[in-house]
Amino acid sequence: MPLDFFKDICVYFLIMMNKLSIKLVVAVVIFAVFSALAGVVLAFHSWGPYHWARTSNPFALKLGDNVSGASWDAALSVAATDWSSSTVLDTIVVAGATNPKNCKAVTGRVEVCNSKYGNNGWLGLAQIWITGGEHITKGVVKLNDTYFNTSKYNKPAWRNLVMCQEIGHTLGLDHQDEDFGNANLGTCMDYTNDPSTNQHPNAHDYEELALIYAHTDSFTTVLSSGPIGNGKKGIGSVEPDENAEFGVVLKKDGRGRPSLYGRDLGRGEKVFTFVYWAK
């Protein structure tokens, strides 16, 4: 065998071995990373840095019961129990402190209301007020009986899904999926055409709450005791054109409809509105 040819063969094998070594190192690194994450499900569906300020975990968040009728009472009870399964918070149903027609926010808690809000297009909405760029100070959930009294939506599954989802938003959670046609994820934080298996939080939701509330604050925005003071009126009236008062569209759902609005109230205060539209 000629010497030059032998040299060429040796160089070729060295190059190939070098390439294989690089690929092997990359493969080992990738394997190591995924091995380290084995059994850990990463859930990233908070909708910003927004959270209730508190000095310790778990903390108790009051849900004001301004709903009427056995169906809504049942849905609120189920949602409060579900979210209390979180390791970082408990949601406790207490007497309501507002008129369901306008559902005014109350500082330090979440007011949950149902009423005939009109043919404005939405099934339910959640609003949170923010100060300091990240701290939730109050919230409201509105459930629109104009639609829930129809045969399509007057079902426990729809009531459970929307109630659970809107309360989830007031805790700082976003949707896991906004495409209505995708397979259900088994969570109320998922848009769907069929609510049958999307009525409760899933493991992703609890993991995300643990991430959101992993740190504590030096103060609290959660009402623990003392007299109840009413905050500002919730964004919007009961008129059909109230959507214009929600502010700027920040996000759209899988059907191209606004799902998140933001409005600057001045003095360092903002309000965000999540909307679940009727089909």
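For the pair H51/D217, a side-chain contact is recorded, criterion being any heavy-atom separation below 4.5 Å from C-beta on. Looking at heavy atoms from C-beta onward, Y261 lies out of side-chain contact with Q127 at the 4.5 angstrom threshold. By the 4.5 Å heavy-atom criterion applied to side chains, W83 and D205 are counted as neighbours. Side-chain atoms of F148 and L123, non-hydrogen and from C-beta on, do get closer than 4.5 Å to each other. Counting only heavy atoms from C-beta outward, the side chains of Y276 and L161 approach each other to under 4.5 Å. Between V94 and D65, the closest side-chain pair of non-hydrogen atoms is not below 4.5 Å. Between I167 and L76 there is a side-chain heavy-atom pair separated by less than 4.5 Å. Looking at heavy atoms from C-beta onward, D253 lies in side-chain contact with F180 at the 4.5 angstrom threshold.
The main-chain N or O of A80 is found under 3.5 Å from a side-chain atom of T91 such that the two form a donor-acceptor pair. With hydrogens and angles disregarded, a donor-acceptor distance shorter than 3.5 Å links the side chain of N114 to the backbone of S68. R159 places no side-chain N or O within donor-acceptor distance of the main-chain N or O of A74, the cut-off being under 3.5 Å. Checked by atom type and distance alone, the side chain of D145 never pairs as donor or acceptor with a backbone atom of N149 at under 3.5 Å. D264 places no side-chain N or O within 3.5 Å of a backbone atom of K270 that could act as its donor or acceptor partner. A distance-only check finds a donor-acceptor pair linking the side chain of E111 to the backbone of A97 [under 3.5 Å]. For D190 (side chain) and Q176 (main-chain N/O), no donor-acceptor pair under 3.5 Å exists by modelled atom type. With hydrogens and angles disregarded, a donor-acceptor distance shorter than 3.5 Å links the side chain of T221 to the backbone of A53. Looking only at distances, a side-chain donor or acceptor of T81 sits under 3.5 Å from a matching main-chain atom of S77. Using modelled atom types, one side-chain atom of N66 and one backbone atom of G64 make a donor-acceptor pair closer than 3.5 Å.
Here the closest heavy-atom approach between residue Y206 and residue D82 is recorded as OH-O, 2.6 Å. Between D174 and E178, the shortest heavy-atom distance links the atoms OD1-OE2, 4.2 Å. Of all non-hydrogen atoms in A126 and T170, the two that sit nearest each other are CB-CG2, 4.1 Å. Across every non-hydrogen atom of V275 and W277, the tightest pair is CG1-CE2, 3.4 Å. The shortest heavy-atom contact between A79 and C164 is CB-CA, 4.1 Å. Residues V162 and G124 approach most closely at CG1-CA, 4.0 Å, considering heavy atoms.
Considering only residues two or more places apart in sequence or on other chains, R255 meets the salt bridge (Lys or Arg N to Asp or Glu O under 4.0 Å) condition with none of them.
Residues V222 and L63 share a single hydrophobic cluster, defined by chaining ILVMFWY side chains whose heavy atoms lie under 4.5 Å apart. Residues L185 and M189 do not share a hydrophobic cluster, defined by chaining ILVMFWY side chains whose heavy atoms lie under 4.5 Å apart. In terms of hydrophobic clustering, with Ile, Leu, Val, Met, Phe, Trp and Tyr side chains grouped at heavy-atom distances under 4.5 Å, I92 and V88 are assigned to different clusters. Linking Ile, Leu, Val, Met, Phe, Trp and Tyr whenever their side-chain heavy atoms come within less than 4.5 Å leaves F219 and L61 in two separate clusters. A chain of hydrophobic side-chain contacts below 4.5 Å, direct or via other Ile, Leu, Val, Met, Phe, Trp or Tyr residues, connects V93 to L143.
For T131 and E269, the side-chain atoms include no donor-acceptor pair closer than 3.5 Å. Side chain to side chain, T192 and N184 meet the donor-acceptor criterion of an N or O pair below 3.5 Å. Between the side chains of T216 and T55, no donor-acceptor pair is found at a separation under 3.5 Å.
Cation-pi contact between K142 and Y117: present, with separation from the ring centre below 6.0 Å and deviation from the ring axis of at most 45°.
Atom NZ of K252 sits in a sparse spot, with 12 or fewer heavy atoms from other residues, nucleotides or ligands closer than 6.0 Å.
To the nearest 0.5 Å, atoms OG (S196) and NZ (K155) are separated by 12.0 Å. Rounded to the nearest 0.5 Å, atoms OH (Y147) and CH2 (W158) are 13.5 Å apart.
Aromatic ring centres of F274 and H175 lie closer together than 6.0 Å.
If you run ring-ring contact (aromatic ring centres under 6.0 Å, His included) between Y213 and each of F59, Y50, W52, only F59 comes through.
Legend: disulfide (SG to SG under 2.5 Å) pairs involving residues 129-160, not counting sequence neighbours: none detected.
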